[in-house]
Amino acid sequence: MKLRDFLLGVATGLAAAYVFKEASEKIYPNKPANSVLSDIKNLFKQEGPIDGSWIFMEPEVFKKENIEIPVYKGGISRVHNGETQSFEFAADAKTGSIIDLVRV
């Protein structure tokens with residue numbers, strides 16, 4: 001195998017990967033739900049251990065005033081000062097930022 005052929009194959013593979021990545025972001029521009037939940041769990045772990053967590057895998061529309069945002073809804077519970085606290089959240093599906101957090 002010639003070096004030129006090898007480098008041409010590598011360049012073609014990189015170009016195909018880039019095109020696939022760009023196309024997939026246009027088709028499904030949201031951040032994966034598991035990744036969003038993992039980020040939120042890491043934030044809560046700073047305050048204490050987590051007892052449980054869940055997230056809906058499909059985004060829903062969150063409406064507040066005149067704004068509609070696609071969000072993942074979920075919940076998390078933790079033990080804080082010996083007491084179990086439960087929270088429900090809505091996280092922006094595109095960025096993973098917490099939009100709404102309510103203690104249940």
Side-chain angles (χ1 to χ4, degrees):
M1 177 187 280
K2 295 181 183 177
L3 180 61
R4 180 180 59 94
D5 293 338
F6 175 74
L7 292 177
L8 183 61
V10 170
T12 303
L14 289 174
Y18 177 76
V19 168
F20 179 75
K21 176 186 165 283
E22 292 297 316
S24 67
E25 285 179 356
K26 289 181 181 178
I27 293 171
Y28 195 74
N30 296 333
K31 192 172 181 180
N34 288 334
S35 176
V36 171
L37 182 60
S38 177
D39 292 346
I40 292 171
K41 285 169 62 174
N42 288 334
L43 288 173
F44 272 83
K45 283 180 185 177
Q46 295 173 2
E47 297 281 328
I50 293 174
D51 194 33
S53 62
W54 58 271
I55 192 166
F56 286 117
M57 301 303 280
E58 293 295 321
E60 299 177 16
V61 175
F62 180 79
K63 296 178 184 178
K64 192 161 190 175
E65 302 295 328
N66 293 332
I67 299 173
E68 293 184 2
I69 302 169
V71 298
Y72 291 116
K73 290 191 176 182
I76 195 161
S77 60
R78 68 174 180 192
V79 177
H80 186 69
N81 293 332
E83 177 186 340
T84 301
Q85 300 175 332
S86 297
F87 297 89
E88 289 185 355
F89 63 84
D92 188 336
K94 293 187 186 333
T95 65
S97 301
I98 297 175
I99 304 270
D100 192 30
L101 182 65
V102 178
R103 186 170 176 187
V104 183

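These numbers come from a predicted model, not from an experiment. Numbering of residues begins at 1 and proceeds along the displayed sequence.
- A continuous path of Ile, Leu, Val, Met, Phe, Trp and Tyr side chains, each step under 4.5 Å between heavy atoms, connects L43 with L101, placing both in one hydrophobic cluster.
- Residues meeting the side chain to side chain donor-acceptor pair (under 3.5 Å) test with E65, sequence neighbours left out: none.
- If you take OG on S86 and CG on D51, they are separated by 8.0 Å, rounding to the nearest 0.5 Å.
- Side-chain contact between D5 and L7 is absent, with no heavy atoms from C-beta onward closer than 4.5 Å.
- When the side chain to side chain donor-acceptor pair (under 3.5 Å) test is applied to Q85, the partners found at least two apart in sequence or on another chain are R78.
- Shown here are the ring pair (Phe, Tyr, Trp, His ring centres under 6.0 Å) partners of F87, two or more places apart in sequence or in another chain: F44.
- When hydrophobic side chains of Ile, Leu, Val, Met, Phe, Trp and Tyr are connected at separations under 4.5 Å, F56 ends up clustered with W54.
- With sequence neighbours left out, the ring pair (Phe, Tyr, Trp, His ring centres under 6.0 Å) criterion links F62 to no other residue.
- Between L14 and Y18 there is no side-chain heavy-atom pair separated by less than 4.5 Å.
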Cut-off 3.5 Å, no hydrogens considered: what does the side-chain donor-acceptor table look like for residues 88-98, sequence neighbours left out?
{"from": "D92", "atom 1": "OD1", "to": "K94", "atom 2": "N", "distance (Å)": "2.9"}
{"from": "T95", "atom 1": "OG1", "to": "S97", "atom 2": "N", "distance (Å)": "3.2"}
{"from": "T95", "atom 1": "OG1", "to": "S97", "atom 2": "OG", "distance (Å)": "3.1"}

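- Note that the CD1 atom of I99 and the NZ atom of K73 stand 11.5 Å from one another [nearest 0.5 Å].
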- side-chain contact (heavy atoms from CB on, under 4.5 Å) between I50 and K45, worked out: CA-CA 6 Å; I50 293 174; K45 283 180 185 177; 3.5 Å; yes
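- With sequence neighbours excluded, the residues forming a side chain to side chain contact (heavy atoms under 4.5 Å, CB included) with E68 are V61, K63, listed by chain and number.
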Solution key, residues 32-42 side-chain donor-acceptor pairs under 3.5 Å, sequence neighbours excluded:
{"from": "D39", "atom 1": "OD2", "to": "K31", "atom 2": "NZ", "distance (Å)": "2.7"}
{"from": "N42", "atom 1": "ND2", "to": "S38", "atom 2": "O", "distance (Å)": "3.3"}

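- By the rule that hydrophobic residues join a cluster once side-chain heavy atoms approach within less than 4.5 Å of another member, V71 and V104 end up as members of separate clusters.
- Within the structure, salt bridge (Lys or Arg N to Asp or Glu O under 4.0 Å) contacts touching residues 6-17 (residues at least two apart or in different chains) do not occur.
- Remark: R4 engages no residue in a side chain to side chain donor-acceptor pair (under 3.5 Å) (not counting sequence neighbours).
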